[in-house]
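Just so it is clear: chains get the letters A, B, ... in the order the sequence lines come, proteins before strands, and each one is counted from 1.
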Amino acid sequence: MAKIRGAVVIDQDRCKGCRLCVVACPTQTLALSTTSVNHRGYAFSEDVNPDACIGCSSCAQVCPDGCITVYKIREE
Amino acid sequence: MTKEEIIQKGSLAYEKPSLLNNNTMHYCPGCSHGVIHKLIAEVIEEMGMADKAIGVSPVGCGVFIYKYLDIDFQEAAHGRAPALATGIKRVLPDRLVFTYQGDGDAAGIGGNETLHALNRGEGITIIFINNAIYGMTGGQMSPMTLMGQVTATSPYGREAAIHGYPLKLAEIAAQLEGTAYVTRQSVESVAAIRKAKLALKKAFQISMEEKGSCLVEFVGTCSSGWKMTPVDANKWMSEQMFLYYPKGDLKDITKKEKS
(Lines give C-alpha, C1' and ligand atoms only; values in the text may rest on other atoms or scores of the structure.)
Protein backbone atom coordinates (compact mmCIF):
# COMPACT_ATOMS: atom_id res chain seq x y z
CA MET A 1 0.00 0.00 0.00
CA ALA A 2 1.22 3.45 -0.82
CA LYS A 3 2.28 5.39 2.19
CA ILE A 4 2.81 9.13 2.59
CA ARG A 5 6.14 9.95 4.21
CA GLY A 6 7.13 13.39 5.36
CA ALA A 7 10.16 15.25 6.60
CA VAL A 8 10.45 18.48 8.53
CA VAL A 9 13.33 20.93 8.45
CA ILE A 10 13.35 23.19 11.50
CA ASP A 11 15.20 26.51 11.61
CA GLN A 12 16.39 25.95 15.16
CA ASP A 13 18.05 29.37 15.51
CA ARG A 14 14.73 31.06 14.74
CA CYS A 15 12.69 28.74 17.01
CA LYS A 16 11.47 30.20 20.32
CA GLY A 17 10.35 26.92 21.86
CA CYS A 18 6.66 27.83 22.24
CA ARG A 19 5.70 24.14 21.92
CA LEU A 20 2.71 24.83 19.66
CA CYS A 21 4.13 22.56 16.93
CA VAL A 22 4.67 19.72 19.41
CA VAL A 23 0.99 19.92 20.43
CA ALA A 24 -0.25 20.28 16.84
CA CYS A 25 1.68 17.23 15.54
CA PRO A 26 -0.71 14.27 15.19
CA THR A 27 2.08 11.68 15.12
CA GLN A 28 4.33 12.80 18.01
CA THR A 29 7.18 13.46 15.58
CA LEU A 30 8.28 16.64 17.32
CA ALA A 31 9.50 17.41 20.83
CA LEU A 32 11.40 20.25 22.48
CA SER A 33 15.10 19.68 23.03
CA THR A 34 15.95 18.54 26.54
CA THR A 35 19.73 18.70 26.39
CA SER A 36 20.55 21.91 24.50
CA VAL A 37 19.29 25.41 23.76
CA ASN A 38 19.79 27.71 20.76
CA HIS A 39 21.87 30.91 20.73
CA ARG A 40 19.02 32.89 22.30
CA GLY A 41 18.53 30.38 25.12
CA TYR A 42 15.32 28.72 23.94
CA ALA A 43 14.78 24.97 24.01
CA PHE A 44 14.10 24.40 20.32
CA SER A 45 11.85 21.98 18.48
CA GLU A 46 13.39 18.76 17.14
CA ASP A 47 12.05 15.87 15.07
CA VAL A 48 12.72 13.15 17.62
CA ASN A 49 10.70 10.57 15.73
CA PRO A 50 11.30 11.38 12.03
CA ASP A 51 9.97 8.06 10.75
CA ALA A 52 6.49 8.91 12.07
CA CYS A 53 6.16 12.12 10.04
CA ILE A 54 3.33 12.09 7.47
CA GLY A 55 4.03 15.54 6.02
CA CYS A 56 0.68 17.01 7.08
CA SER A 57 2.35 20.40 7.77
CA SER A 58 0.20 21.07 10.85
CA CYS A 59 3.36 22.02 12.75
CA ALA A 60 4.45 24.48 10.07
CA GLN A 61 1.04 26.15 9.90
CA VAL A 62 0.74 26.78 13.63
CA CYS A 63 4.37 27.93 13.98
CA PRO A 64 4.20 31.67 14.76
CA ASP A 65 7.75 32.27 13.59
CA GLY A 66 7.66 30.30 10.34
CA CYS A 67 10.56 28.05 11.38
CA ILE A 68 9.35 24.83 9.80
CA THR A 69 9.57 23.64 6.20
CA VAL A 70 7.78 20.41 5.33
CA TYR A 71 8.45 17.96 2.47
CA LYS A 72 6.46 14.91 1.60
CA ILE A 73 6.61 11.98 -0.76
CA ARG A 74 4.36 9.07 -1.73
CA GLU A 75 6.20 5.86 -0.99
CA GLU A 76 5.12 2.85 -3.09
CA MET B 1 13.63 6.13 3.07
CA THR B 2 15.70 8.55 5.08
CA LYS B 3 14.86 12.15 5.86
CA GLU B 4 17.45 13.43 3.36
CA GLU B 5 15.95 11.32 0.58
CA ILE B 6 12.45 12.60 1.29
CA ILE B 7 13.72 16.19 1.18
CA GLN B 8 15.56 15.55 -2.10
CA LYS B 9 12.93 13.55 -3.97
CA GLY B 10 9.72 14.69 -2.31
CA SER B 11 7.61 17.72 -2.97
CA LEU B 12 7.48 20.82 -0.83
CA ALA B 13 4.40 20.67 1.39
CA TYR B 14 4.85 23.90 3.30
CA GLU B 15 7.39 26.66 3.60
CA LYS B 16 7.47 30.13 5.10
CA PRO B 17 5.85 32.59 2.65
CA SER B 18 8.47 34.53 0.70
CA LEU B 19 6.98 37.90 1.73
CA LEU B 20 7.80 37.09 5.35
CA ASN B 21 11.50 37.89 5.63
CA ASN B 22 14.20 36.36 7.81
CA ASN B 23 14.27 39.07 10.49
CA THR B 24 13.66 37.44 13.85
CA MET B 25 10.30 38.58 15.17
CA HIS B 26 10.32 40.38 18.51
CA TYR B 27 7.11 38.67 19.60
CA CYS B 28 7.06 36.44 22.67
CA PRO B 29 7.12 32.68 22.02
CA GLY B 30 3.75 31.40 20.81
CA CYS B 31 2.26 34.84 20.04
CA SER B 32 -0.70 34.88 17.64
CA HIS B 33 0.80 37.85 15.79
CA GLY B 34 3.34 35.58 14.08
CA VAL B 35 0.69 33.29 12.59
CA ILE B 36 -1.40 36.25 11.45
CA HIS B 37 1.66 37.88 9.81
CA LYS B 38 2.22 34.61 7.96
CA LEU B 39 -1.42 34.54 6.81
CA ILE B 40 -1.22 38.11 5.51
CA ALA B 41 1.99 37.26 3.62
CA GLU B 42 0.45 34.10 2.14
CA VAL B 43 -2.76 35.81 1.05
CA ILE B 44 -0.99 38.79 -0.56
CA GLU B 45 1.38 36.39 -2.31
CA GLU B 46 -1.50 34.27 -3.62
CA MET B 47 -3.33 37.37 -4.86
CA GLY B 48 -0.15 38.57 -6.60
CA MET B 49 -0.51 41.95 -4.87
CA ALA B 50 2.96 42.19 -3.33
CA ASP B 51 3.80 45.31 -5.36
CA LYS B 52 0.42 46.90 -4.76
CA ALA B 53 -0.16 46.22 -1.07
CA ILE B 54 0.25 49.00 1.47
CA GLY B 55 -0.11 48.23 5.15
CA VAL B 56 -0.53 50.68 7.99
CA SER B 57 1.03 49.54 11.23
CA PRO B 58 -0.30 50.47 14.67
CA VAL B 59 1.18 51.38 18.00
CA GLY B 60 1.33 48.28 20.15
CA CYS B 61 3.04 44.94 19.75
CA GLY B 62 2.19 44.90 16.05
CA VAL B 63 4.16 48.12 15.43
CA PHE B 64 7.14 46.32 13.89
CA ILE B 65 5.12 44.42 11.29
CA TYR B 66 6.92 46.55 8.65
CA LYS B 67 10.18 44.89 9.64
CA TYR B 68 8.85 41.41 8.92
CA LEU B 69 6.70 41.71 5.79
CA ASP B 70 8.38 42.77 2.55
CA ILE B 71 5.61 45.07 1.33
CA ASP B 72 5.09 48.84 1.63
CA PHE B 73 4.20 50.07 5.09
CA GLN B 74 3.37 53.29 6.83
CA GLU B 75 3.47 53.73 10.58
CA ALA B 76 0.54 55.63 12.10
CA ALA B 77 0.10 57.54 15.34
CA HIS B 78 -1.65 55.60 18.08
CA GLY B 79 -5.14 54.61 16.93
CA ARG B 80 -4.94 56.69 13.75
CA ALA B 81 -4.21 53.87 11.30
CA PRO B 82 -7.70 53.89 9.67
CA ALA B 83 -7.44 57.63 8.95
CA LEU B 84 -4.04 57.18 7.37
CA ALA B 85 -5.28 54.18 5.37
CA THR B 86 -8.23 56.29 4.16
CA GLY B 87 -5.82 58.88 2.80
CA ILE B 88 -3.64 56.29 1.10
CA LYS B 89 -6.62 54.52 -0.47
CA ARG B 90 -8.13 57.77 -1.79
CA VAL B 91 -4.87 58.88 -3.39
CA LEU B 92 -3.94 55.42 -4.71
CA PRO B 93 -7.24 53.61 -5.29
CA ASP B 94 -5.64 50.68 -7.14
CA ARG B 95 -3.67 49.59 -4.06
CA LEU B 96 -4.59 46.98 -1.50
CA VAL B 97 -4.66 49.05 1.68
CA PHE B 98 -5.03 47.45 5.08
CA THR B 99 -4.38 48.38 8.68
CA TYR B 100 -3.05 46.02 11.30
CA GLN B 101 -4.21 46.99 14.78
CA GLY B 102 -4.45 45.55 18.25
CA ASP B 103 -7.40 46.00 20.58
CA GLY B 104 -5.86 48.91 22.44
CA ASP B 105 -5.14 50.70 19.17
CA ALA B 106 -8.34 49.93 17.23
CA ALA B 107 -10.93 49.76 20.01
CA GLY B 108 -9.38 51.85 22.79
CA ILE B 109 -7.45 54.88 21.61
CA GLY B 110 -8.63 54.66 18.00
CA GLY B 111 -12.25 53.56 18.55
CA ASN B 112 -13.54 56.75 17.02
CA GLU B 113 -11.28 56.54 13.94
CA THR B 114 -12.07 52.86 13.44
CA LEU B 115 -15.85 53.29 13.54
CA HIS B 116 -15.90 56.33 11.25
CA ALA B 117 -13.52 54.83 8.70
CA LEU B 118 -15.64 51.67 8.61
CA ASN B 119 -18.85 53.69 8.38
CA ARG B 120 -17.53 55.79 5.48
CA GLY B 121 -17.21 52.56 3.48
CA GLU B 122 -13.61 53.17 2.50
CA GLY B 123 -12.14 50.32 0.47
CA ILE B 124 -9.78 49.33 3.24
CA THR B 125 -9.48 46.25 5.43
CA ILE B 126 -8.94 46.64 9.15
CA ILE B 127 -7.18 43.63 10.62
CA PHE B 128 -7.97 43.77 14.29
CA ILE B 129 -6.11 41.56 16.75
CA ASN B 130 -8.13 41.13 19.94
CA ASN B 131 -6.12 39.62 22.77
CA ALA B 132 -8.14 41.22 25.58
CA ILE B 133 -5.17 43.08 26.96
CA TYR B 134 -2.61 45.84 26.33
CA GLY B 135 0.21 43.42 25.57
CA MET B 136 3.12 45.73 24.78
CA THR B 137 2.94 47.86 27.92
CA GLY B 138 2.72 44.91 30.29
CA GLY B 139 -0.78 43.45 30.32
CA GLN B 140 -3.07 46.30 31.42
CA MET B 141 -6.84 46.13 31.02
CA SER B 142 -8.09 47.01 27.53
CA PRO B 143 -11.64 47.70 26.31
CA MET B 144 -11.81 44.03 25.25
CA THR B 145 -10.81 42.54 28.62
CA LEU B 146 -13.38 39.95 29.70
CA MET B 147 -15.51 40.36 32.83
CA GLY B 148 -13.62 39.06 35.86
CA GLN B 149 -10.33 38.84 33.98
CA VAL B 150 -7.34 39.72 36.13
CA THR B 151 -4.88 42.14 34.54
CA ALA B 152 -2.17 44.48 35.83
CA THR B 153 -4.70 47.32 36.21
CA SER B 154 -7.67 45.18 37.30
CA PRO B 155 -6.00 43.01 39.98
CA TYR B 156 -9.36 41.87 41.40
CA GLY B 157 -10.80 41.12 37.97
CA ARG B 158 -12.79 43.39 35.66
CA GLU B 159 -15.95 44.62 37.36
CA ALA B 160 -18.86 46.24 35.51
CA ALA B 161 -19.42 48.86 38.24
CA ILE B 162 -15.87 50.18 37.98
CA HIS B 163 -14.60 49.27 34.52
CA GLY B 164 -17.71 48.87 32.38
CA TYR B 165 -18.27 46.09 29.89
CA PRO B 166 -16.09 44.57 27.14
CA LEU B 167 -16.63 46.26 23.79
CA LYS B 168 -17.90 44.07 20.97
CA LEU B 169 -16.32 46.09 18.17
CA ALA B 170 -17.11 43.62 15.40
CA GLU B 171 -20.79 43.51 16.37
CA ILE B 172 -20.92 47.31 16.28
CA ALA B 173 -19.12 47.36 12.92
CA ALA B 174 -21.63 44.87 11.49
CA GLN B 175 -24.43 47.39 12.19
CA LEU B 176 -22.76 50.12 10.13
CA GLU B 177 -23.98 50.80 6.59
CA GLY B 178 -20.45 51.30 5.29
CA THR B 179 -19.08 47.85 6.08
CA ALA B 180 -19.13 45.10 3.47
CA TYR B 181 -17.60 42.21 5.37
CA VAL B 182 -17.18 41.76 9.10
CA THR B 183 -15.85 38.51 10.47
CA ARG B 184 -14.29 37.11 13.62
CA GLN B 185 -11.61 34.45 13.32
CA SER B 186 -8.82 32.88 15.36
CA VAL B 187 -5.57 31.02 14.74
CA GLU B 188 -5.30 28.47 17.55
CA SER B 189 -5.55 25.31 15.40
CA VAL B 190 -4.88 24.21 11.83
CA ALA B 191 -8.61 24.21 11.01
CA ALA B 192 -9.04 27.71 12.45
CA ILE B 193 -5.99 28.97 10.55
CA ARG B 194 -7.37 27.65 7.24
CA LYS B 195 -10.73 29.34 7.86
CA ALA B 196 -9.03 32.56 8.90
CA LYS B 197 -6.97 32.59 5.72
CA LEU B 198 -10.07 32.25 3.54
CA ALA B 199 -11.76 35.06 5.49
CA LEU B 200 -8.73 37.31 5.11
CA LYS B 201 -8.56 36.67 1.38
CA LYS B 202 -12.25 37.43 1.01
CA ALA B 203 -11.84 40.68 2.94
CA PHE B 204 -8.93 41.79 0.74
CA GLN B 205 -10.89 40.94 -2.41
CA ILE B 206 -13.99 42.83 -1.25
CA SER B 207 -11.95 45.86 -0.29
CA MET B 208 -10.26 45.85 -3.72
CA GLU B 209 -13.68 45.77 -5.38
CA GLU B 210 -14.53 48.87 -3.31
CA LYS B 211 -17.80 47.42 -2.07
CA GLY B 212 -17.20 48.83 1.37
CA SER B 213 -14.85 48.56 4.28
CA CYS B 214 -13.93 45.24 5.87
CA LEU B 215 -13.14 44.31 9.45
CA VAL B 216 -11.37 41.03 10.16
CA GLU B 217 -11.11 40.45 13.88
CA PHE B 218 -8.69 37.82 15.10
CA VAL B 219 -9.21 36.61 18.65
CA GLY B 220 -5.61 36.08 19.69
CA THR B 221 -3.55 35.10 22.67
CA CYS B 222 -1.09 37.06 24.78
CA SER B 223 0.64 34.32 26.71
CA SER B 224 3.02 36.75 28.46
CA GLY B 225 0.27 39.18 29.42
CA TRP B 226 -2.06 36.40 30.52
CA LYS B 227 0.85 34.75 32.35
CA MET B 228 0.29 31.34 30.78
CA THR B 229 2.23 29.01 28.51
CA PRO B 230 1.33 29.41 24.80
CA VAL B 231 -0.49 26.06 24.85
CA ASP B 232 -2.53 26.99 27.95
CA ALA B 233 -3.24 30.42 26.47
CA ASN B 234 -4.76 28.82 23.37
CA LYS B 235 -6.87 26.61 25.61
CA TRP B 236 -8.00 29.52 27.78
CA MET B 237 -8.89 31.50 24.67
CA SER B 238 -10.98 28.63 23.28
CA GLU B 239 -12.76 28.12 26.60
CA GLN B 240 -13.30 31.72 27.72
CA MET B 241 -12.93 34.22 24.90
CA PHE B 242 -15.02 32.42 22.30
CA LEU B 243 -17.99 32.55 24.71
CA TYR B 244 -18.02 36.33 24.65
CA TYR B 245 -16.50 36.75 21.18
CA PRO B 246 -18.12 34.00 19.08
CA LYS B 247 -16.36 33.23 15.81
CA GLY B 248 -17.90 33.50 12.36
CA ASP B 249 -19.07 35.99 9.75
CA LEU B 250 -21.13 38.81 11.24
CA LYS B 251 -21.86 40.59 7.97
CA ASP B 252 -21.24 39.63 4.37
CA ILE B 253 -22.84 41.70 1.61
CA THR B 254 -21.66 39.31 -1.11
CA LYS B 255 -24.00 36.67 0.28
CA LYS B 256 -26.97 39.02 0.03
CA GLU B 257 -26.10 39.79 -3.59
CA LYS B 258 -26.24 36.12 -4.52
CA SER B 259 -29.60 35.35 -2.90
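- For A/I73, the side-chain contact (heavy atoms from CB on, under 4.5 Å) partners two or more places apart in sequence, or in a different chain, are A/R5, B/M1, B/I6, B/K9.
- Ring to ring, B/F128 and B/F218 are not that close: their centroids are 6.0 angstrom or more apart.
- The residues B/R95 and B/D72 are annotated as not salt-bridged, no charged nitrogen and carboxylate oxygen being separated by less than 4.0 angstrom.
- In this structure, the side-chain contact (heavy atoms from CB on, under 4.5 Å) partners of A/C18, at least two apart in sequence or on a different chain, are A/L20, A/P64, B/P29, B/P230.
- Of the two parts of A/V23, only the side chain, counted from C-beta on, holds a non-hydrogen atom closer than 4.5 Å to a non-hydrogen atom of chain B.
- Looking at B/V187, there are no atoms closer than 4.5 Å to chain A (heavy atoms on both sides), in backbone or side chain.
- In this structure, the side chains of B/M49 and B/M208 come closer than 4.5 Å at one or more pairs of heavy atoms.
- Proximity to chain B (any heavy atom under 4.5 Å) is restricted, for A/R40, to the side chain, taken from C-beta onward.
- The residue among A/C67, A/S57, A/A60, A/A7 with the most heavy atom pairs within less than 4.5 Å of chain B is A/A60.
- The part of A/V8 that comes within reach of chain B is its backbone (N, CA, C, O), which places non-hydrogen atoms under 4.5 angstrom from that chain.
- Heavy atoms of A/D13 lying under 4.5 Å from chain B are absent altogether.
- Proximity to chain A involves both the backbone and the side chain of B/I7, based on heavy atoms less than 4.5 angstrom apart.
- Using a cut-off of 4.0 Å between Lys/Arg side-chain N and Asp/Glu carboxylate O, B/K38 and A/D65 are scored as not salt-bridged.
- When heavy atoms are compared at a cutoff of 4.5 Å, A/C63 approaches chain B by way of both its backbone and its side chain.
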